[in-house]
Protein chains: 2
Amino acid sequence: MKPRLDSAQSARAAELRLSRLARLDDDELRAVRQAASFPQRLPAHRELVAEGAPAGEPHILLEGWMGRIRHFSDGRRQILSFILPGDRLGVGQQNQPRAAATVTALTPVLLCRAPQPRSGRVGAGLAEAYAMSAALEEQYMLRQIARIGRLSAHERLIDWMLEMYDRLELAGLAEADAFPMPLTQEALADALGLTSVHVNRTLQSMRRERLIEFRSGVIQLSDPRQLANMVDYRPPTMAGLSAR
Amino acid sequence: MKPRLDSAQSARAAELRLSRLARLDDDELRAVRQAASFPQRLPAHRELVAEGAPAGEPHILLEGWMGRIRHFSDGRRQILSFILPGDRLGVGQQNQPRAAATVTALTPVLLCRAPQPRSGRVGAGLAEAYAMSAALEEQYMLRQIARIGRLSAHERLIDWMLEMYDRLELAGLAEADAFPMPLTQEALADALGLTSVHVNRTLQSMRRERLIEFRSGVIQLSDPRQLANMVDYRPPTMAGLSAR
DNA sequence: CGCGTTCTTGACTGCTTTCAAAGATGGTGG
DNA sequence: CCACCATCTTTGAAAGCAGTCAAGAACGCG
């Protein structure tokens with residue numbers, strides 16, 4: 001039996017991530033915790049918004065993984081991007097009234113409304129954090145294009161794992177070169193533009209070569225530096241985004 | 001010998017596109033023409049900004065095609081997105097100080113500085129047009145991901161052509177199901193995640209099947225409706241973006 | 001007219017998919 | 001506590017789409 005998740009617990013990842021993206025003052029931190037104390041729960045596979053539907057208000061993901069997905073009429077689907085704890089969702093970059101893609105819970109998730117940033121000079125940290133979050137989101141999309149456009153199956157997996165590690169680490173959800181990976185291999189395949197069979201084989205081969213370990217839903221990277229070299233991986237250039 | 005391009009001529013596409021994205025008042029139209037009368041010329045293959053370099057100020061493309069590109073250390077490259085006449089460039093979605101990708105001229109191009117939108121109630125058309133442009137850009141990126149992630153070579157070409165047609169049409173540069181296509185097949189391959197050899201073969205086959213005609217740099221789509229059905233193509237949901 | 005780039009084509013290789021079916025795994029109810 | 005079912009993972013064999021290598025043809029520019 002797992003411990004009952006209190007809201008303070010579940011807000012931690014979001015709080016950590018946002019405060020790493022911009023300095024938040026006490027009011028803002030309080031606003032985040034406050035919002036997180038009225039969470040919404042969604043089971044796996046549940047759609048939050050459908051492509052083309054009214055976008056609804058912005059949310060912050062507290063727990064679990066979501067994805068932006070495009071469906072084809074013949075059943076194929078592509079996971080366009082992942083939404084991880086602490087990520088903002090429900091808005092495209094601009095305040096578009098309609099969702100550009102379907103947003104779906106890939107695992108059971110917990111989310112809450114995103115607190116409104118104040119517009120004043122003081123306490124604009126939240127607005128800055130949101131802007132930074134959107135900027136990172138764009139970088140992830142660009143990387144996703146390069147990944148599925150030009151990398152082999154092996155390389156796609158490696159590149160993807162490195163990105164997931166960095167992103168989860170930012171929210172305090174990964175350490176020691178290991179991170180939880182709750183997706184089915186089919187979901188992974190839909191994200192990387194492969195079939196689940198081939199994801200499986202590739203994963204096996206990576207294990208045999210001791211590039212990773214993967215047991216009970218946790219991926220352990222043996223040598224991130226080496227992996228990064230194999231695929232030209234450069235961590236998200238957060239430093240370049242703000243002035244710091 | 002082609003006629004000397006005066007600035008009024010070259011501003012036309014940008015003017016048309018922007019004024020279709022939002023209603024621009026006379027001052028704003030004038031500002032666009034004014035900006036376009038101090039154009040900058042770049043030869044093909046010239047980089048405007050390198051990935052990670054300071055982003056510089058926003059520009060508007062007047063003529064020619066540009067691309068956002070990611071290079072790999074072993075020589076592979078991926079064209080992340082295309083920038084067409086009337087498109088804004090030089091900013092990510094947010095005002096990021098550093099470019100998230102290299103921006104390169106794929107053909108000889110002409111561009112100018114993007115006029116600053118005024119912030120007042122009146123005459124916010126330009127700001128709206130820019131926001132719409134950014135929103136469309138995001139949609140194009142999502143489509144690019146789905147395209148190279150889940151479509152076959154045939155389908156990628158078709159889907160891409162339909163998108164290019166719609167985008168060029170928006171700037172008044174395409175009509176009667178035909179549009180100019182100045183790229184080499186290698187550039188096309190780098191955009192679609194294929195090799196130039198395979199792009200060539202696929203193109204041939206599409207010509208044989210009478211899906212398209214392609215002569216002297218102009219692509220003619222035989223039956224856009226049918227093509228759209230083949231790949232589940234839905235035109236950019238511009239209508240959904242603004243309130244109209 | 002000549003040279004470099006781009007387009008074509010052929011033959012061969014191979015990565016990834018497809019189809020199928022046999023194991024694991026985990027949750028549920030008896 | 002165990003049987004049972006649904007879902008997910010793993011494996012094999014065969015087919016196919018796309019890549020690689022190479023070379024000749026066509027095109028466009030100076």
Side-chain angles (χ1 to χ4, degrees), chain A residues 1-2 43-46 65 72 74-78 105-108 147-158 160 180-209 212-219 230-231, chain B residues 1-2 43-46 65 72 74-78 105-108 147-158 160 180-209 212-219 230-231:
Chain A
M1 169 160 290
K2 49 186 162 187
H45 306 116
R46 172 77 106 268
W65 290 24
F72 292 87
D74 64 355
R76 283 179 284 185
R77 71 169 193 173
Q78 174 68 39
L106 299 172
T107 70
R147 176 156 52 221
I148 62 184
R150 276 294 173 244
L151 299 188
S152 70
H154 256 83
E155 293 169 325
R156 288 184 208 185
L157 260 310
I158 292 173
W160 179 83
M181 210 300 280
L183 300 182
T184 64
Q185 296 180 358
E186 188 170 352
L188 200 41
D190 284 338
L192 298 179
L194 302 167
T195 58
S196 61
V197 172
H198 200 244
V199 164
N200 183 285
R201 288 194 231 272
T202 308
L203 238 24
Q204 310 272 352
S205 128
M206 289 174 66
R207 281 192 276 220
R208 269 196 304 276
E209 298 171 43
I212 61 163
E213 287 171 46
F214 181 23
R215 291 195 309 264
S216 55
V218 173
I219 291 183
M230 294 174 65
V231 297
Chain B
M1 171 157 286
K2 51 186 161 186
H45 307 117
R46 172 78 106 268
W65 289 24
F72 292 88
D74 64 355
R76 283 180 284 186
R77 70 169 193 172
Q78 174 68 37
L106 299 172
T107 70
R147 175 156 52 223
I148 61 183
R150 276 294 173 245
L151 299 188
S152 69
H154 257 82
E155 294 169 324
R156 289 184 209 184
L157 261 309
I158 293 173
W160 179 83
M181 210 300 280
L183 301 182
T184 64
Q185 294 181 0
E186 188 171 351
L188 200 41
D190 284 337
L192 298 179
L194 302 167
T195 58
S196 61
V197 172
H198 201 244
V199 165
N200 184 285
R201 288 195 231 271
T202 308
L203 238 24
Q204 309 273 353
S205 129
M206 287 174 68
R207 280 192 276 221
R208 269 195 304 276
E209 298 171 43
I212 61 164
E213 287 171 47
F214 180 23
R215 291 194 311 262
S216 55
V218 173
I219 291 183
M230 293 174 66
V231 297

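Throughout, protein chains are lettered first and strands after them, A, B, ... in sequence-line order, and every chain is numbered starting at 1.
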> Scan A:G217 against the nucleic acid and name what it touches under 4.0 Å (heavy atoms): base, sugar-phosphate only, or nothing.
nothing

> Quick one: B:H45 NE2 to C:dG4 C1', roughly how many Å, whole number?
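It is 13 Å, rounded to the nearest whole Å.
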
> Expressed in angstrom and rounded to an integer, what is the separation of B:L188 atom CG from C:dT5 atom P?
20 Å

> Over how many whole Å does the gap from B:R215 atom CZ to D:dG28 atom P extend?
14 Å

> Closest-nucleotide mapping onto DNA chain D: is B:L194 or A:Q204 further toward the 5' terminus? I mean the 5' end.
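Mapping each residue to its closest nucleotide by heavy atoms, the 5'-most match is A:Q204.
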
> If you check every side-chain atom of A:R201, which of D:dT9, D:dA13, C:dT16 has the closest atom?
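Closest of the options to the side chain of A:R201: D:dA13.
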
> Would you mind reading off the distance between B:M181 atom CE and C:dT6 atom P, rounded to a whole angstrom?
12 Å

> Please state whether the phosphate of C:dT8, meaning OP1 or OP2, lies under 4.0 angstrom from any side-chain nitrogen or oxygen of B:Q185.
yes

> Looking at B:N200, does any N or O in its side chain come under 4.0 Å of the phosphate oxygens OP1/OP2 on C:dC7?
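No.
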
> What's the CG-C1' distance between A:L183 and D:dC8, to the nearest Å?
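Value for this atom pair: 13 Å.
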
> Return yes when atom CD of B:E186 has more than 12 non-hydrogen atoms of other residues, nucleotides or ligands closer than 6.0 Å, and no otherwise.
no

> Answer yes or no: does a side-chain N or O of B:R207 lie under 4.0 Å from OP1 or OP2 of C:dC7?
no

> If you assign A:F214 and A:R150 each to the DNA chain D nucleotide with the nearest heavy atom, which residue ends up on the more 5' nucleotide?
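Its nucleotide being nearer the 5' end, the pick is A:F214.
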
> Could you tell me how far apart A:L151 (CG) and D:dG19 (P) are, to the nearest whole angstrom?
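Atom CG in A:L151 sits about 14 Å away from atom P in D:dG19.
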
> Using whole Å, report how far CD of B:E186 lies from P of D:dT20.
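For the pair B:E186 CD and D:dT20 P, the rounded distance is 12 Å.
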
> Which nucleotide in the list D:dT11, C:dT17, C:dC7 gets nearest to the side chain of B:T184?
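Selected nucleotide: C:dC7.
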
> Does CZ in B:R46 sit with more than 12 non-hydrogen atoms of other residues, nucleotides or ligands closer than 6.0 Å?
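No, the 6.0 Å shell around CZ holds no more than 12 heavy atoms from other groups.
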
> At 4.0 Å (heavy atoms only), tell me whether B:S196 reaches a base, stays on the sugar-phosphate, or touches nothing.
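Result for B:S196 = nothing.
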
> Decide yes or no on side chain to side chain contact (heavy atoms under 4.5 Å, CB included) for A:M181 and A:L188, but give the supporting numbers first.
CA-CA 10 Å; A:M181 210 300 280; A:L188 200 41; 4.1 Å; yes

> With respect to the side chain of B:V197, which nucleotide from D:dC21, C:dT16, C:dT18 is positioned closest?
D:dC21

> Measure the shortest side-chain to side-chain distance between B:R156 and B:L194 over non-hydrogen atoms and say whether it is less than 4.5 angstrom.
yes

> Between the side chains of A:R76 and A:D190, is the shortest nitrogen-to-carboxylate-oxygen separation below 4.0 Å, so that they form an ion pair?
no

> How many Å lie between NE2 on B:H198 and P on D:dG16, as a whole number?
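Taking atom P of D:dG16 as the reference, NE2 of B:H198 is at 14 Å.
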
